[in-house]
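Input: a single structure, listed below in structure tokens.
Order of listing sets the numbers, starting from 1, for every ligand and every atom in it. These numbers come from the heavy atoms of this one structure, side chains and all, not from hydrogens, waters or symmetry mates.
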Amino acid sequence: MASSAPVPGWLRVPDDANALAPLVWPSTAARDDAGRLVIAGVDAASLVAEYGTPLHVVDEADARARASQIRRAFDDAAAAIGTTVTVYYAGKAFLSGAIVHWVTEEGLAVDVCTGGELAVALAAGADPARIGFHGNNKSVAEIERAVEAGVGTIVIDSEIEIERVADAAARAGRVQPVRLRVNSGVHASTHEFLATAHEDQKFGVPLASAVELGTRIRSHPSLDLIGLHCHIGSQIFDAAGFAESAERLLGAHAELSKTGPVPELNLGGGFGIAYTSADEPSPIEEIAQAIAAAVATGCREHGIPVPKLAFEPGRSIIGPAGVTLYTVGTTKPVPIEGGVRRYVSIDGGMSDNARTALYGAEYSARIASRVSTAAPALVRVAGKHCESGDIVVDAEYLPGDVAPGDLLAVPATGAYCWSLASNYNHVPRPPVIAVRDGVARVIVHGETEQQLLARDAVLAASDLSNDRPMEGNPA
Ligand code: LLP
């Protein structure tokens, strides 16, 4: 979380304010001989020359490698306890046609939570049988569409949804496999988890109702209960919360097993990544093995067979693969307790990365267009929006000569940045460029000012021939 202190306790003055911390940057990120940031063999300055700033860049090989590493980690952990696993990529982190291709080619299934995400996954050719459909308020139309598409599992989130999904499946003449989302009462975040008795939140049904509602699901011939689901939070660095949650769910799972098969257990996503050099998530292999061990122990205690497992990572696959490039517009010194902080204002902000403003998320930054030997200076990277909370990087040390015209790169922006983007202040959303083996390609087009104006019913009816091209990202 961003701190109210002038400098967060974890932030150290770096020996080299040009260095790229290995865990925070995509695996192919490096500096070329001229000191420019290069990702997957493509230098940031030439990307910007072609596509403008702000610019979302995704390292395809990095994303694919993480997808396959995570799938293998869970495959191996499941095999070690005599079962198998389905790893769904959680599309809410960032979904586009290219991403669906990458993750499905790496052997992952796809988790969607709206009709829109479902439409992207289907249009990209994802196998419907390997799509999971979530949401605490799916419309009847969304449910019907999912059932008709042959979606592999629908996650029932409330009592009311049981009848809705059952009716939609009956109308379509199908038996729909479903999971029941349970609120395990475990809430986890980066460094800790709280195993509260009651959790006041909108997702899932209370653990105490799981057996009753699971039984109710079974009473519908058009539904096939394949198991329970829970998701305990996001940006979690170790296995303890997952293990606690698995233990709790297995009680209800074991009860339901007495009256019928419960072949699967889905423990959700939430595996954390490094946003700054202070973040040290446990390796995914360790987390996967610890969760599997907890499941095996729980099953032994309840005298039930080990179910097939499912997980839904999003951030840990796409987050570290993304970097956002900006151009520095202004800098200004601002006196703070004990010194000075330089505000470095960039040409994007909370419209392309809302996470700092929304959650107090912490990011890091580097000058992308050059290296500098100037002494490190404390900076805050601010956006261009008309709001004082429009901060992208709360605190960082950059070379003290950072100046207008420098390109700035913010790493670990692959998850929940593009997907949470907005048009606040009528700022068009930037494109997304995938880089791989020295080649760059657009995977999501940027918006133009003309497109924004065209959505305005009154302006669209008037003559727009005077439109000036946008600054920054060209059409
Ligand atoms: N499964 C379910 C049911 C979820 O609700 C989520 C995330 C995931 C999987 C994927 O979690 P991940 O592995 O990506 O942490 N906008 C927030 C994060 C919201 C997460 C919502 N649910 C952020 O930017 O931190």
Distance only, no hydrogens: is a donor on one side chain within 3.5 Å (strictly under) of an acceptor on the other, for [X] and [Y]?
{"X": "Arg174", "Y": "Ser222", "answer": "no"}
{"X": "Tyr363", "Y": "Asp394", "answer": "no"}
{"X": "Thr413", "Y": "Asn353", "answer": "no"}

Worksheet item: So, Arg441 and Glu60, do they make that salt bridge, N to O below 4.0 Å?
Response: yes

Worksheet item: Mind checking whether Pro313 has a heavy atom under 4.0 Å from ligand 1?
Response: yes

Worksheet item: Heavy-atom contact under 4.0 Å between Ala415 and ligand 1?
Response: no

Protein contact of [atom] - nearest heavy atom, named by residue and atom, plus distance:
{"atom": "atom 9 (C) of ligand 1", "answer": "Glu312 O, 3.2 Å"}
{"atom": "atom 18 (C) of ligand 1", "answer": "Arg315 NH2, 3.6 Å"}
{"atom": "atom 16 (N) of ligand 1", "answer": "Tyr359 OH, 2.7 Å"}
{"atom": "atom 22 (N) of ligand 1", "answer": "Lys92 CD, 3.6 Å"}
{"atom": "atom 24 (O) of ligand 1", "answer": "Arg355 NE, 2.5 Å"}
{"atom": "atom 20 (C) of ligand 1", "answer": "Tyr416 OH, 3.6 Å"}
{"atom": "atom 15 (O) of ligand 1", "answer": "Ser234 OG, 2.3 Å"}
{"atom": "atom 8 (C) of ligand 1", "answer": "His231 CE1, 3.4 Å"}

Just checking [X] against [Y], ring centres under 6.0 Å apart?
{"X": "Tyr88", "Y": "Phe133", "answer": "no"}
{"X": "Phe271", "Y": "Phe242", "answer": "yes"}
{"X": "His134", "Y": "His231", "answer": "no"}

Worksheet item: Judged by atom type as modelled, is there a donor-acceptor pair below 3.5 Å linking the side chain of Glu117 to the main-chain atoms of Cys113?
Response: yes

Worksheet entry | Under 3.5 Å donor-acceptor, Ser184 side chain and Arg248 backbone | no

In terms of atom number and element, which parts of ligand 1 are under 4.0 angstrom from non-hydrogen atoms of [X]?
{"X": "Ala90", "value": "8 (C), 9 (C), 10 (C)"}
{"X": "Gly270", "value": "11 (O), 12 (P), 13 (O), 15 (O)"}
{"X": "Gly314", "value": "12 (P), 13 (O), 14 (O)"}

